[in-house]
Amino acid sequence: MPLKNTPERWGPISQLLHWTILVLILVMAYLGLTMTELPNGLDKIRTYALHKSIGLTILGLVTLRVLWRLYAGTPEPVPGTPTWQERIASLTHFALYVLLFAIPLSGWVVNSSAGFPLQWFGLFNLPAIAGKDHDLHELSEVVHEVLFWILVALVFMHAAAAFYHHLFQRDATLARMLPRGWLSSGPKENHDVA
């Protein structure tokens, strides 16, 4: 089994990075939406630290995913996909990558401008990327939250499009981002155009 992507499907490394990042985003969404309501104390501090560490992990994994994509290439569009859908898919993927860089970086600015130290799972400290600044802190918090909600909307659209292709177009769009055989009873991987 080739590790690199093929013209027909995403390879196992791309699949692993895709689904790992998705799971981490879901964890981050839960933490981010609940941690501010926690009472002040050690649990709140630990939850914020976990949120920051996972955010940095996502930043690293997205960097790795972009580098892998440049090295391993991408599958060709599913045969029969209209050009306008290909363009929307490309724009959506580009926007998702931009957000997956921008959200952790904006969180880093939130942390730095508040003057807090930033650690990755307590193993090492990372440098501040901005000086302590109340106004910058307030602005970066707003930016961080707005970018998160834009990501939520785009992820929903991305998932809806994949299911639309699977259920209604009956093509391999979803199947090629899953291990072989997971959708063996579903649509065929080759979509013939009449």
Side-chain angles (χ1 to χ4, degrees), residues 5 10-38 40-72 74 88-162 177:
N5 304 322
W10 296 96
I13 292 177
S14 292
Q15 291 177 19
L16 178 64
L17 289 168
H18 177 274
W19 296 110
T20 301
I21 291 168
L22 174 63
V23 168
L24 291 177
I25 289 169
L26 294 173
V27 171
M28 287 296 282
Y30 173 77
L31 292 174
L33 293 171
T34 60
M35 67 188 188
T36 58
E37 303 302 320
L38 292 172
N40 290 335
L42 192 55
D43 284 343
K44 187 170 189 171
I45 292 169
R46 287 181 180 152
T47 303
Y48 269 82
L50 179 61
H51 180 82
K52 295 171 190 179
S53 294
I54 294 173
L56 291 168
T57 303
I58 290 172
L59 183 60
L61 289 174
V62 171
T63 302
L64 181 60
R65 183 162 181 204
V66 168
L67 293 173
W68 180 255
R69 184 178 173 128
L70 291 172
Y71 169 73
T74 60
I88 290 174
S90 293
L91 287 172
T92 302
H93 283 115
F94 178 77
L96 286 169
Y97 281 116
V98 168
L99 288 167
L100 290 172
F101 280 109
I103 294 171
L105 290 173
S106 66
W108 199 336
V109 173
V110 169
N111 190 79
S112 297
S113 60
F116 294 127
L118 182 60
Q119 291 187 338
W120 187 70
F121 293 108
L123 298 175
F124 56 85
N125 291 337
L126 285 98
I129 59 173
K132 187 172 181 179
D133 182 323
H134 176 75
D135 291 339
L136 178 60
H137 177 73
E138 295 295 315
L139 175 63
S140 57
E141 276 190 328
V142 171
V143 168
H144 191 62
E145 185 174 348
V146 168
L147 292 176
F148 164 73
W149 287 112
I150 294 170
L151 178 68
V152 168
L154 281 180
V155 166
F156 178 79
M157 288 171 41
H158 179 67
M177 187 46 97

*Asks:* Within a strict 4.5 Å, meaning less than it, do heavy atoms of the L126 and Q119 side chains meet?
*Replies:* no

*Asks:* Looking only at non-hydrogen atoms, find the nearest pair between M177 and W19 and report the distance.
*Replies:* O-NE1, 2.8 Å

*Asks:* Mind checking whether Y97 and R65 have side chains closer than 4.5 Å, heavy atoms only?
*Replies:* yes

*Asks:* Got a second to check how far I13's CD1 is from R69's CZ, nearest 0.5 Å?
*Replies:* 15.0 Å

*Asks:* Donor-acceptor pair, E141 side chain versus V110 backbone, under 3.5 Å?
*Replies:* no

*Asks:* Give the ring-plane orientation class for H158 versus H93, where under 30° counts as parallel, over 60° as perpendicular and anything between as tilted.
*Replies:* perpendicular

*Asks:* Would you name the heavy atoms of L105 and I129 that are closest together and state the gap between them?
*Replies:* O-CD1, 3.8 Å

*Asks:* Would you please test L56 and L118 for side chain to side chain contact (heavy atoms under 4.5 Å, CB included) and show each step?
*Replies:* CA-CA 10 Å; L56 291 168; L118 182 60; 4.0 Å; yes

*Asks:* Would you say that F121 contacts I54 through its side chain, given a criterion of any heavy-atom pair below 4.5 Å between the two side chains?
*Replies:* yes

*Asks:* So with a 6.0 Å cut-off around CD of E145, is the heavy-atom count from everything else above 12?
*Replies:* no

*Asks:* Calculate, to the nearest 0.5 Å, the distance between atoms CG and OG1 belonging to L42 and T47 respectively.
*Replies:* 9.0 Å

*Asks:* For L24 versus L61, what's the shortest heavy-atom pair and its separation?
*Replies:* CD1-CD1, 3.6 Å

*Asks:* Does the side chain of S140 come under 3.5 Å of the side chain of W108 through a donor N or O and an acceptor N or O?
*Replies:* no

*Asks:* Give the intermediate values and the outcome of side chain to side chain contact (heavy atoms under 4.5 Å, CB included) for residues T34 and L38.
*Replies:* CA-CA 7 Å; T34 60; L38 292 172; 5.9 Å; no

*Asks:* What distance do Y48 atom OH and K44 atom NZ have between them, rounded to the nearest 0.5 Å?
*Replies:* 5.0 Å

*Asks:* Of the non-hydrogen atoms in L136 and A130, which two are nearest, and what is the gap between them?
*Replies:* CD2-CB, 3.7 Å

*Asks:* How far does CG of L26 sit from CG of L31, to the nearest 0.5 angstrom?
*Replies:* 11.0 Å

*Asks:* For the residue pair H137 and S113, what are the closest heavy atoms and their distance?
*Replies:* CA-OG, 3.0 Å

*Asks:* Identify the heavy atoms of L100 and L59 that sit nearest to each other, and give their distance.
*Replies:* O-CD1, 4.4 Å

*Asks:* When rounded to the nearest 0.5 angstrom, what is the spacing between NZ in K52 and CG in N111?
*Replies:* 3.5 Å

*Asks:* Would you say the side-chain atoms of H144 pair up with the backbone N or O of S106, donor to acceptor, closer than 3.5 Å?
*Replies:* no

*Asks:* Keeping S112 on the side-chain end and A128 on the backbone end, is there a donor-acceptor pair under 3.5 Å?
*Replies:* no

*Asks:* Is it the case that atom OH in Y30 sees more than 12 heavy atoms from other parts of the structure closer than 6.0 Å?
*Replies:* no

*Asks:* Kindly check if the number of other-residue, nucleotide or ligand heavy atoms within 6.0 Å of CZ (F101) is above 12?
*Replies:* yes

*Asks:* Take atom CZ in F124; do more than 12 heavy atoms of anything else shown fall under 6.0 Å from it?
*Replies:* yes

*Asks:* So, do W120 and N125 sit near enough that their side-chain heavy atoms are less than 4.5 Å apart?
*Replies:* no

*Asks:* Which value, rounded to the nearest 0.5 Å, describes the distance between T57 atom OG1 and L64 atom CG?
*Replies:* 12.0 Å

*Asks:* Quick one: does L139's side chain get under 4.5 Å of V109's, heavy atoms only?
*Replies:* no

